[in-house]
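What follows is a short report on a single structure.
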Amino acid sequence: MSAVLRVGRQVRWYVRELTDEAAYDRYVAHLRAAHPEICAPSRREFERMRTDRQESDPRQGFRCC
């Protein structure tokens, strides 16, 4: 594998972790490992659940609007 490709993959991984884009992938992996009988939600449903949870708990962050 070339060094450029390896560095590109590392940068991609870092950016996905930094922006929390990988949260859905981790959630689906957890569901499949711990609860295989439960059907994983779509990415849209996951993001809606996550947003609802953050907005309902003031400790999760401040939302002005």
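Only heavy atoms go into these numbers, but all of them, side chains included; no hydrogens, no water, no symmetry mates. Note that the structure is predicted; figures quoted are calculated from it, not measured.
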Salt-bridge criterion met for R50 and E47 (N-O under 4.0 Å): yes
Other cluster members, V4 - Ile/Leu/Val/Met/Phe/Trp/Tyr, side-chain contacts below 4.5 Å: none
All salt bridge (charged side-chain N to carboxylate O under 4.0 Å, His left out) counterparts of R43, not counting sequence neighbours: E21, D25
Heavy atoms from other residues, nucleotides or ligands near CZ of R12 exceed 12 (cutoff 6.0 Å): no
Only distances under 3.5 Å count here; give the side-chain donor-acceptor pairs of residues 26-33 to other protein atoms, sequence neighbours excluded, each with its distance to 0.1 Å.
unit_1 : atom_1 : unit_2 : atom_2 : d
R26    : NH1    : E17    : OE1    : 2.9
R26    : NH1    : E17    : OE2    : 3.2
R26    : NH2    : D20    : OD1    : 3.1

Residues in side-chain contact (heavy atoms from CB on, under 4.5 Å) contact with R44, at least two apart in sequence or another chain: S42
Sequence neighbours excluded - ring-ring contact (aromatic ring centres under 6.0 Å, His included) pairs with any residue from residues 3-26: Y24-F46
Residue list, side-chain contact (heavy atoms from CB on, under 4.5 Å) with S56, at least two apart or on another chain: none
